[in-house]
Participant: 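Before I ask anything, let me first share the structure, which is written out below as structure tokens.
Numbering of ligands and ligand atoms starts at 1, following listing order. Throughout, numbering of the chain's residues begins at 1 and tracks the sequence. For clarity, every value in this text was computed on a predicted model and none was experimentally measured.
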Amino acid sequence: MKFYSTNNKNNLVDAKTAVTQGLAPDGGLYMPTEIPKLSEDLLTFNSDSDFKKIALEIAKNFLGQEIESEILERIVTETLNFECPLVKINEKILSLELFHGPTLAFKDFGARFMARVMSHFRKGANKELNILVATSGDTGGAVAHGFLGVPGIKVTLLYPSGQVSRLQEQQFTTLGQNITALEVSGTFDDCQRLVKEAFVDQELKSKLDLSSANSINISRLIPQSFYFFKAAIDAKNTFNKEVSELVFCTPSGNFGNLTAGLLAKRMGLNIGHFIAATNANDIVPTYLETGEFTPRASIQTVSNAMDVGNPSNFARMHELFGGNLQAMRAEITGDRYNDSQTKEAVTRVFAQHEYTLDPHGAVGFLALEKFLKSNSKYTGVLLETAHPSKFVETVEECIKSEVKIPLRLQEAMSKEKKAIKISPNLFELKQLLLN
Ligand SMILES: *Cc1c(COP(=O)(O)O)cnc(C)c1O
């Protein structure tokens, strides 16, 4: 499989290059030149064991020319070593719980897969690979854990000071080893911009092997398509629903999950419809309504992992629809909710259904609920992107009772934070990276 840059269709590279570079040298995002359809027998979803088979088939379709199937099988198995159950919230809404991995958010899927694929591609390299990541909260923990202790790879995380939860911060500032955390006095957009600037900086490029691990890396997107199939298998076998009756709602910031869902659909998963739910950072819902894509400074909200003012995967979404707004509207509906609506939803869903949403899931829940009111033929699948304990202050304020913190998070809380403070300019970042 070859991959092209969204900035230049003629710039074709192999999977190894796409994965180790992350961002294309022309600033574009890598896309596969084709999206192979899965075989019909895999798409019947009659057995739970189909999930691993489907995941392996997808991995082979994109990476199989460069990674032997036994190795891919190990990578897929290690990536999916935790549950992702589909559970009922109410008669119309099912929650796909993507938070049972080591850092309690869906980003574990992408990070675990990417770390293993990269480490495989780096075998025999003579230089260390420097991975730069901007995080608005959850990416940091997932990437740090995914790469922790992986030989030949050094990870530098940039995060906005005071704008991630303490739990999130503890997950990526306490690890040590090959993981360095930089506390940037700025916003997430500053962090993301710094990473982008570093990638095009001639001096850094000539001295270091740089790569990214954000949702822009194609190897993070591939495993995110797996769980749309898992939802389809469980919806059929547990809830008697065909995938065409399902509407998937992704609480979104950089739009990795939605893009992965669109890829899954093009692989043959006949999803009924998508909902792109955001907080006040509603650039994509606004695009769907007006046709204007206007990135702007991000706004801080209680669903902080979605505080993104310039969603990077939009370039891929745009590409998948060939820039055709009408076609995008036919598959995706956008919606947005503010913080007080979000908190009310956490309170109400806990009271009515005894289900504890995290603030990101709550945004998605509201969008689904509204959509289903006028589209009652569908059943909603909410991608519940994080465990509520990651946002314990907000959630406890809403539900007025205690949220149990899983053991692995409790352990991170008691460790010492180690972060280097920098201001949001490339010069400071360069000095740290080059020393
Ligand atoms: C990263 C993150 C999101 C946004 O993910 P995208 O699919 O890339 O937009 C949503 N919720 C949580 C909890 C996250 O960590």
Participant: Salt bridge (Lys or Arg N to Asp or Glu O under 4.0 Å) for K421 and E428? Distances and angles first, verdict last.
Facilitator: CA-CA 10 Å; K421 294 197 171 169; E428 278 187 45; over 6 Å; no
Participant: Could you say whether the N/O atoms of H360 and ligand 1 ever approach to under 3.5 Å?
Facilitator: no
Participant: Have a look at T278, T250, V363, T385 and point out the one with the heavy atom closest to atom 11 (N) of ligand 1.
Facilitator: T385
Participant: Quick one: does Q224 get an N or O within less than 3.5 Å of an N or O on ligand 1?
Facilitator: no
Participant: Could you tell me, atom by atom, which parts of ligand 1 come under 4.0 Å of a heavy atom of K107?
Facilitator: 1 (C), 2 (C), 3 (C), 14 (C), 15 (O)
Participant: Hey, does the Lys NZ or Arg CZ of K236 hover above the aromatic six-ring of F45, less than 6.0 Å from the centre and inside 45° of the axis?
Facilitator: no
Participant: Answer yes or no on whether R408 is positioned over the face of F82, meaning its NZ or CZ is under 6.0 Å from the six-membered ring centre and within 45° of the axis.
Facilitator: no
Participant: For F109 and Y227, I'd like to know if the aromatic rings sit close, meaning centre-to-centre distance below 6.0 Å.
Facilitator: yes
Participant: Parallel, tilted or perpendicular, judged at 30° and 60°: which one describes the rings of H353 and F365?
Facilitator: tilted
Participant: Is it true that F293 and H318 have ring centroids separated by less than 6.0 Å?
Facilitator: no
Participant: Taking only heavy atoms of S252 into account, list the atoms of ligand 1 that are under 4.0 Å away from them.
Facilitator: 9 (O)
Participant: Indicate the ring-plane relationship of F274 and F228, choosing parallel, tilted or perpendicular according to the 30° and 60° boundaries.
Facilitator: perpendicular
Participant: Looking only at distances, please establish whether an N/O atom of ligand 1 is found under 3.5 Å from an N/O atom of L258.
Facilitator: no
Participant: Heavy-atom contacts with G256 under 4.0 Å: which atoms of ligand 1 show up? List them by number with element.
Facilitator: 6 (P), 7 (O), 8 (O), 9 (O)
Participant: Hey, is ligand 1 close enough to F106 that some N/O pair sits below 3.5 Å?
Facilitator: no
Participant: For P251, counting its heavy atoms only, list the atoms of ligand 1 lying under 4.0 Å from any of them.
Facilitator: 4 (C), 10 (C)
Participant: Just to be sure I read this right, does ligand 1 sit under 4.0 Å from the backbone of M306, its side chain, both, or neither, counting only heavy atoms?
Facilitator: side chain
Participant: Suppose we screen for ring pair (Phe, Tyr, Trp, His ring centres under 6.0 Å). Which residues come up paired with F99, at least two apart in sequence or across chains?
Facilitator: H387
Participant: Does F255, backbone or side chain, put an N or O under 3.5 Å from an N or O of ligand 1?
Facilitator: yes
Participant: Consider every N or O of N257 and every N or O of ligand 1, then say whether any pair is closer than 3.5 Å.
Facilitator: yes
Participant: Any atom of ligand 1 sitting under 4.0 Å from a heavy atom of F99?
Facilitator: no
Participant: Less than 4.5 Å apart, any side-chain heavy atom of N304 and any of N279?
Facilitator: no
